[in-house]
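Heads up, the thing below is written out as structure tokens.
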Amino acid sequence: MDVFKKSLVSFIQGIIKEKKNIQISHEESEKLIKNPPDSSFGDYSLASYYLSRYGFKGKPEEIAEEIFNIFIPDFERIEDLFDKIEIKGVYINFFVDKEKFASHIIQDVAGSNGNYGRTAHEKPLKVIIDFSSPNIAKPFGVGHLRSTVIGMSLSKIYEFCGHNVIKINYLGDFGTQFGKLITAFCRYNDINFSEFEKDPVKVLYGLYVRIHKDEQTDATANEEAKNRFKMLEDFISINKRSLEEYLGNLNFKKTKKFFGGENSAEGISDKIKLSEKNKNAFCGTQEGQYDLWRLFRKLSINEFKRIYKSIGIEFDAYEGEASSAEFSNDIKDILLESGIAEVSEGAVIVRIKGVKAPALIAKSDGTSLYLSRDIVTAISRMAKYNFDKMIYVVGSEQSLHFNQLFGIFDMLKENLKENIDKLKDSPNFKRYVSIMGGRLVHVKFGRIIGMSTRKGNIVFLNDYIEEASLKAKEKLNKERLERFKDGGTVAGEVTDLIKTTSKITPVGEKSEAEQTSLKIGIGAVIFNDLKTRRATDVNFNWDNVLSFEGQTGPYLQYTVSRINSLVSKLNALNIDSKHPDFSFSKKDTDFNDIFLIAKQIACFKDAVNEAMEQNEPSVLSSYALELASLFNKYYQNYRLIGNDINFIKPRLFMLSSVRTVLTQILNLLCVPVLERM
RNA sequence: GCGUUCAUAGCUCAGCUGGAUAGAGCAACAGCCUUCUAAGCUGUGGGUCGCAGGUUCGAAUCCUGCUGGACGCACCA
């Protein structure tokens, strides 16, 4: 909060206490202050209708009148920062001293070392964010991008607000689908092994689609898949430890890095080599199938990591469902013993209060399900990390699943109170479950509708970004060639472009233009996913994604580049920045636009907080677009070069303030920042 | 059928913990590059905020009903 709002809060709070003997807390007073929709209504306003809840009597207009009359005689207390105070209907409007305001805000940013808006929290929360979580052996599509970028962005936002974040990628590496995959791999004799080596995920996905199709006509395929999955799960549980023992060992480990635990597939590549000849050796035994599964898992993870790296996403831990599968039987037993679960049609279910659909814990053949594994996972994460909050960034189509998961924890907690004896042999389990309540959050998001390529149905992320980058490159090409034609200062860049537009690009060495267009493509794609509120379904439309004008990522990148360029040109004028000057004069023609920019900058922190509270990165997208738009208007309407140095100096700080905030937001939104475009 | 969720300009969306005159971008049309990057800027047109009630001094925002769409609802994840 800036000093202006702060002093206004104290003013309002103090006067109401003195004159009316009504005590309103600092926080409450802050909520009384609103930002008027139009600057002609002032810069802050007090809405009188809120005051009736503190004992003020009468119609809102009358309360406003009363308050206004109380304020007026003591206005001198804030006269230093405020110009005037007005009453308009039910509102009392405060007008800041615009010169001081602008100067103060710009100075604030300049003095923040690029950390403007960042909070150092006194009691940081430990927040787990579970996101992306793709399924093994399936291509990483545009659908997964949504969870990935929302999760990554939220991670950055929470960190920026001073909390400790643990980013977990919970891989879909287990379940009946792997029975299917192994079945397919073992059944079909025409697998192209050289292609498998080149693009394993593609081949695996092909197998998955094929077996799925065959299952429609061949019942034995389905049967075989079930059996193979059961064998896999049995094998994983072969060195049976109890859940209680496992939780005891995890016990609040300090380590932040954690890689998939005992079932980790790391480092197995040399041991397992698949070929046409040895293929069948893997299919005959439990261990062989386990190795197959580990190999598929490893190949997929490698592919995912490559993709994440390319778009700047990283995790603190890769976990897999398989790690929890070992204990899903324990969970089943605990739930049955405590009387929460019951057997129905051979399967184990839980009926949850307030949730209509019964939750399925175990199948009638005894194998585990997603839900039971998720219960184990949540508890072991509590044991490992002792988190204050855990956010699942998963599509809204899984709302029921999370309602069931959270519902079961609520029931367990209730049950612990009532039947504490029944679980006396599980002290760890009890301990972690008892603190779970209220800490789990499902951050859901809408689907991506109508997505299709010109050829097929699924858009792979690679193709998606490639298409956007290509478009960016064309545009970049045109732009720079035009600049070259006019000015001739960019000869180097154009040669650079001519070199790289030819198809033969040296591997690993990307030119600046190439890197730039890739970053623009990535920025366009990511921003497109983060600009709308999570809940709304996104209509996928190539024209929208490939448009770089208006409310887009490239527009923001462009704005930053523009500032960079201008700032470097102004710096060439030898402005003495050791003795900074933040003073602006109301008389200058550009003053009002500078003031508007300063106002927008001043509420950056509010925007970040709101984004965090609502788990909604789009709050920042909207904010950034507004700021960029204000800046571009300024840029277009006023010219700096050619003015007096003393005139330019404070404006140079204003420019870099805008840049600082925009750059910070681009970082928070995972949109690459460009030096120039 | 039950549950969740959404419906705002031709299109894509902001605005939603009730508050001042419902805002952007795209598209359309009319302008602005001898001058700091035109991926930009200026202007024009475009709205019964799905429909009907209710609560309130005040409703796009909250509640109820209806219509329409999306998603989910027992051995997938």
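Letters A, B, ... are given to chains in the order of the sequence lines, protein chains preceding strands, and every chain is numbered from 1.
- Checking B:rA14, B:rU37, B:rU42 against every side-chain atom of A:K633, the shortest atom distance belongs to B:rU42.
- Map A:N632 and A:S52 each onto its nearest nucleotide of RNA chain B; the residue landing nearer the 5' end is A:N632.
- Remark: B:rA28 base-pairs with B:rU44; criterion is Watson-Crick or G-U wobble with both hydrogen-bond distances under 3.5 Å.
- In this pair, A:Y49 does not lay its aromatic ring on the base of B:rG58; centres under 5.5 Å and planes under 30 degrees do not both hold.
- Counting any heavy atom pair closer than 4.0 Å across all strands shown, A:E321 reaches sugar-phosphate atoms only and no base atom.
- Classification of the A:Y370-A:H401 ring pair by plane angle, with boundaries at 30° and 60°, yields parallel.
- For A:S40, whose side chain is taken as the heavy atoms from C-beta onward, the closest listed nucleotide among B:rU21, B:rG40, B:rA14 is B:rU21.
- Taking atom CG of A:L674 as the reference point, atom P of B:rU37 lies 16 Å away to the nearest angstrom.
- Base engagement by A:S364 is indicated by at least one non-hydrogen atom pair under 4.0 Å involving a base atom.
- Note on ring orientation: taking the six-membered ring where Trp is involved, the planes of A:Y635 and A:F631 are tilted (angle from 30° to 60°).
- Within the nucleic acid shown, A:G175 comes within 4.0 Å of sugar-phosphate atoms alone, with no base atom in reach, counting heavy atoms only.
- The residue A:T552 sits apart from the nucleic acid: no heavy atom pair falls under 4.0 Å.
- Closest contact between the side chain of A:R533 and the listed nucleotides B:rA38, B:rC41, B:rG15 involves B:rG15.
- Comparing B:rA60 with B:rU44, their P atoms are spaced 25 Å from each other, to the whole Å.
- Within the shown strands, B:rG19 is the pairing partner of B:rC57 under the Watson-Crick or G-U definition, both distances less than 3.5 Å.
- A:N637 comes within contact range of the sugar-phosphate backbone alone, with a heavy-atom separation under 4.0 Å but no base atom that close.
- Here A:R651 lies out of heavy-atom contact (under 4.0 Å) with every strand.
- No more than 12 heavy atoms of other residues, nucleotides or ligands lie within 6.0 Å of CD in A:E675, so this atom counts as exposed by the packing criterion.
- Listed nucleotides B:rC71, B:rC73, B:rU4 differ in distance to A:R447; the shortest reach to its side chain belongs to B:rC71.
- Heavy atoms of A:Q398 sit under 4.0 angstrom from at least one base atom.
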Start with the C-alpha gap between A:R651 and A:D590, add the side-chain angles, then the distance that decides, and say whether salt bridge (Lys or Arg N to Asp or Glu O under 4.0 Å) holds. CA-CA 10 Å; A:R651 285 159 181 79; A:D590 63 351; 2.6 Å; yes
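- Distance from the side chain of A:L400 is smallest to B:rC73 among B:rU21, B:rC76, B:rC73.
- Aromatic ring centroids of A:Y392 and A:F402 lie under 6.0 Å apart.
- Base-pair partner of B:rC33: not found among the strands shown (Watson-Crick or G-U wobble, both distances under 3.5 Å).
- Residue A:Y555 is in sugar-phosphate contact alone, with no base atom involved, counting any heavy-atom pair closer than 4.0 Å across all strands shown.
- At a threshold of 4.0 angstrom between heavy atoms, the contacts of A:A47 with the nucleic acid are absent.
- Across all strands shown, A:S561 has heavy atoms under 4.0 Å from base atoms, whether or not it also approaches the sugar-phosphate.
- With both ends at atom P, the span from B:rG1 to B:rC63 equals 23 Å, rounded to whole Å.
- In this structure, A:S618 reaches neither bases nor backbone, as no heavy-atom distance under 4.0 Å exists between it and the strands shown.
- Checking B:rA74, B:rG25, B:rA38 against every side-chain atom of A:Y635, the shortest atom distance belongs to B:rA38.
- Taking atom P on both B:rC11 and B:rC49, the two are 16 Å apart, rounded to the nearest angstrom.
- B:rC33 shows a glycosidic angle within 90° of 0 and is accordingly assigned syn.
- A donor-acceptor pair is defined here as one N or O able to donate and one able to accept, closer than 3.5 Å; such a pair exists between the side chain of A:S147 and the backbone of A:S132.
- Two residues, A:I520 and A:K226, neighbour RNA chain B, and the one matched to the more 5' nucleotide by heavy-atom proximity is A:I520.
- Contact annotation for A:L625: no contact, since no heavy-atom pair falls under 4.0 Å across all strands.
- With a cut-off of 3.5 Å on both pairing distances, the Watson-Crick or G-U wobble partner of B:rU67 is B:rA7.
- Using a 4.0 Å heavy-atom criterion, one finds that A:L369 contacts the sugar-phosphate atoms exclusively.
- Taking the six-membered ring for Trp, A:F174 and A:F229 have ring centres closer than 6.0 Å.
- With a cut-off of 3.5 Å on both pairing distances, the Watson-Crick or G-U wobble partner of B:rG72 is B:rC2.
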